[in-house]
Novice: 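This structure is in structure tokens; I'll ask about it shortly.
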2 protein chains.
Amino acid sequence: MGIIRKTQSIELLLSEFSNSTGAISAIELIKRLSAKVNKTTVYRVLDKLEDDGVVHSFLDKSGIKWYAKCNSCTHAQHFDSHPHFQCLNCGKVDCLEIEVALPNIPNRQVEVSQILIQGNCESCSK
Amino acid sequence: MGIIRKTQSIELLLSEFSNSTGAISAIELIKRLSAKVNKTTVYRVLDKLEDDGVVHSFLDKSGIKWYAKCNSCTHAQHFDSHPHFQCLNCGKVDCLEIEVALPNIPNRQVEVSQILIQGNCESCSK
DNA sequence: TTACTTTTGCAACTTAGTTGCGTTAACAAA
DNA sequence: TTTGTTAACGCAACTAAGTTGCAAAAGTAA
Ligand SMILES: [Mn+2]
Ligand SMILES: [Mn+2]
Ligand SMILES: [Zn+2]
Ligand SMILES: [Zn+2]
């Protein structure tokens, strides 16, 4: 079940995402909002936002959770199956709006795929 | 620093890998060897085997660590950058010996990429 | 306001993995 | 075969991300 009431915590989380282009880790959000929102609430709100198609989540190489805004997802369907890029220098993570074509895999039915690419971002590759 | 002495724990870990075609999670290895090897040792041996190019590791969707045999890697270089496949039905995980061509990503230097594909394996897709 | 129900904070818990340290066991040299 | 060196080990305690249960607080519609 998604979001039903417009509460302060939800507004605060949403404004973090609207002030940001890239992805934000759950840990970073907890840190940023620590004065105003409890970490349990942060996790719970993120869950609900994801459930509603407002944000999507993925894990980085060290297994921690990141969230980014969705473009046109709904409670019924998530379309965000794009790769994510993590800069090995500055740590920034963002969504790549590109399609990666997976070759056919013999005898296997593909349902989902997650692609994490690491390297140097635009600002860090000079 | 990699493996220097051929100890019992190392032999036991190695035999788990030689008796298996797919990947094995650290947790599963700890469970299987719990009577003979301490979990700290399991983690430390896996680290060293990876360092020596004997196995490679990756995280699954829930962030837990899996290990699989390498083909022709060494201490100096890991060549295993293939995708991994996890069956959503039986949980089995294995290496896919295929190449996935990533499109060029504007303004970014790609160093590494990790691809986890999920779906139904050969035995589970009937 | 009131009544109802969702959402929140807090503390306690879970789980995968790590660290420090004293003991054990490889293994090379004697 | 014994001995000395030190890598590897077991154990207990710890870390860190995320989860759970429950009582209190805050939305919302009446
Ligand atoms: Mn994304
Ligand atoms: Mn592999
Ligand atoms: Zn960068
Ligand atoms: Zn299967």
Side-chain angles (χ1 to χ4, degrees), chain A residues 1-17 23-68 75 84 86 91 93 114 116, chain B residues 1-17 23-68 75 84 86 91 93 114 116:
Chain A
M1 188 185 46
I3 285 179
I4 295 176
R5 297 180 182 177
K6 272 280 153 59
T7 67
Q8 265 195 54
S9 320
I10 291 165
E11 304 286 5
L12 285 166
L13 261 299
L14 285 176
S15 77
E16 290 298 327
F17 286 104
I24 319 174
S25 70
I27 290 167
E28 172 66 20
L29 288 166
I30 289 164
K31 204 179 298 165
R32 287 193 202 166
L33 302 178
S34 61
K36 299 181 176 170
V37 187
N38 182 270
K39 78 167 176 174
T40 308
T41 304
V42 172
Y43 282 116
R44 287 195 277 225
V45 170
L46 289 171
D47 265 7
K48 293 196 165 184
L49 290 175
E50 185 165 29
D51 195 46
D52 283 349
V54 177
V55 300
H56 58 278
S57 72
F58 54 95
L59 303 184
D60 72 6
K61 198 173 187 175
S62 61
I64 77 159
K65 213 164 185 181
W66 291 72
Y67 287 86
H75 171 69
H84 293 101
Q86 183 164 36
V93 174
Q114 295 148 262
L116 180 68
Chain B
M1 190 182 49
I3 285 178
I4 295 177
R5 298 178 181 176
K6 272 280 152 59
T7 66
Q8 266 194 52
S9 320
I10 290 165
E11 304 287 5
L12 285 165
L13 261 298
L14 285 176
S15 77
E16 290 297 327
F17 285 104
I24 319 176
S25 69
I27 292 167
E28 172 66 20
L29 288 166
I30 289 165
K31 204 180 297 165
R32 287 192 202 167
L33 301 179
S34 62
K36 300 181 175 169
V37 187
N38 182 271
K39 79 168 177 174
T40 307
T41 304
V42 172
Y43 282 116
R44 287 196 275 226
V45 170
L46 289 170
D47 265 6
K48 294 196 165 185
L49 290 175
E50 184 164 29
D51 196 47
D52 283 347
V54 177
V55 300
H56 59 277
S57 72
F58 55 94
L59 303 184
D60 72 5
K61 197 170 189 177
S62 61
I64 76 158
K65 214 164 185 182
W66 290 72
Y67 287 86
H75 171 67
H84 293 101
Q86 182 163 37
V93 174
Q114 295 146 262
L116 179 69

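Every chain is numbered from 1 and lettered A, B, ... according to where its sequence line falls, protein lines coming before strand lines. The figures here come from the full heavy-atom set of this structure, side chains too, leaving out hydrogens, waters and symmetry mates.
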Novice: When you look at CD of A/Gln8, are more than 12 heavy atoms from neighbouring residues, nucleotides or ligands closer to it than 6.0 Å?
Specialist: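 Count not over threshold, so no.
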
Novice: Between C/dA25, C/dT7, C/dC10, spot the one nearest the side chain of A/Lys48, thanks.
Specialist: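 Closest of the options to the side chain of A/Lys48: C/dT7.
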
Novice: Would you please classify the geometry between the A/Tyr67 ring and the A/Phe17 ring as parallel, tilted or perpendicular, with 30° and 60° separating the classes?
Specialist: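 If you compare the ring of A/Phe17 with that of A/Tyr67, the planes turn out perpendicular.
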
Novice: Nearest whole Å is fine: how far is C/dT8 P from A/Ile4 CD1?
Specialist: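 Atom-to-atom, A/Ile4 to C/dT8, this comes out as 12 Å.
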
Novice: Contact class for B/Ile30 vs. all strands (heavy atom < 4.0 Å): base, sugar-phosphate, or nothing?
Specialist: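 No contact.
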
Novice: Quick one: is B/Tyr43 getting a side-chain N or O under 4.0 Å of the C/dG17 phosphate, OP1 or OP2?
Specialist: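 For B/Tyr43, the contact criterion (side-chain N or O under 4.0 Å from OP1 or OP2 of C/dG17) is met.
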
Novice: Measure from the side-chain heavy atoms of B/Val37 and tell me the nearest of D/dT6, C/dT7, D/dG10.
Specialist: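 When the side chain of B/Val37 is considered, D/dG10 is the closest of D/dT6, C/dT7, D/dG10.
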
Novice: Round to a whole Å and report the spacing from CG of A/Leu33 to P of C/dT8.
Specialist: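 It works out to 12 Å between those atoms.
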
Novice: Report yes if some heavy atom in the side chain of A/Ile24 is under 4.5 Å from a heavy atom in the side chain of A/Arg32; otherwise report no.
Specialist: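 In contact.
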
Novice: When all nucleic acid strands are considered with a 4.0 Å heavy-atom cut-off, which category describes A/Thr40: base, sugar-phosphate, or nothing?
Specialist: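 Answer is base: heavy atoms of A/Thr40 come under 4.0 Å of a base.
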
Novice: Over how many whole Å does the gap from A/Arg44 atom CZ to C/dT7 atom P extend?
Specialist: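 Spelled out: CZ on A/Arg44 to P on C/dT7 is 11 Å.
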
Novice: Please give, in whole Å, the distance from C/dT8 C1' to A/Leu46 CG?
Specialist: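 Rounding to the nearest Å, CG of A/Leu46 and C1' of C/dT8 are 15 Å apart.
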
Novice: With rounding to the nearest 0.5 Å, note down the distance linking CD in B/Gln86 to CZ in B/Phe58.
Specialist: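 These two atoms lie 8.0 Å from each other.
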
Novice: Tell me the interatomic distance from B/Trp66, atom CH2, to C/dG17, atom P, rounded to whole angstroms.
Specialist: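 From B/Trp66 CH2 to C/dG17 P: 11 Å.
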
Novice: Please check this pair: side chain of B/Glu16 against backbone of B/Leu29, looking for a donor-acceptor N/O pair closer than 3.5 Å.
Specialist: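 Checked: no pair found.
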
Novice: Any idea which of C/dA25, C/dA16, C/dT6 is nearest the B/Arg5 side chain?
Specialist: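 Within the option list, the nearest is C/dA25.
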
Novice: Closest nucleotide of DNA chain C for B/Gln8 versus for B/Asp47: which of these residues is on the 5' side?
Specialist: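 Its nearest nucleotide lies further toward 5', so the answer is B/Asp47.
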
Novice: Roughly, in whole Å, what's the span from NZ in A/Lys36 to C1' in D/dA26?
Specialist: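 Atom-to-atom, A/Lys36 to D/dA26, this comes out as 18 Å.
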
Novice: Can a side chain N or O of B/Thr41 be found less than 4.0 Å away from OP1 or OP2 on D/dA8?
Specialist: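 For D/dA8, neither OP1 nor OP2 has a side-chain N or O of B/Thr41 closer than 4.0 Å.
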
Novice: In whole angstrom, what separates A/Ile3's CD1 from C/dT5's C1'?
Specialist: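 About 16 Å, once rounded to whole Å.
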
Novice: B/Ser9 side chain N/O closer than 4.0 Å to the phosphate oxygens (OP1, OP2) of D/dC9?
Specialist: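 So the side chain of B/Ser9 is within the cut-off, an N or O lying under 4.0 Å from OP1 or OP2 of D/dC9.
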
Novice: Using whole Å, what does the distance between atom P of nucleotide C/dT7 and atom CG of A/Leu14 come to?
Specialist: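 These atoms are roughly 13 Å apart.
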
Novice: Select base, sugar-phosphate, or nothing to describe what A/Lys39 touches, counting heavy atoms under 4.0 Å on all strands.
Specialist: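 Base contact.
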
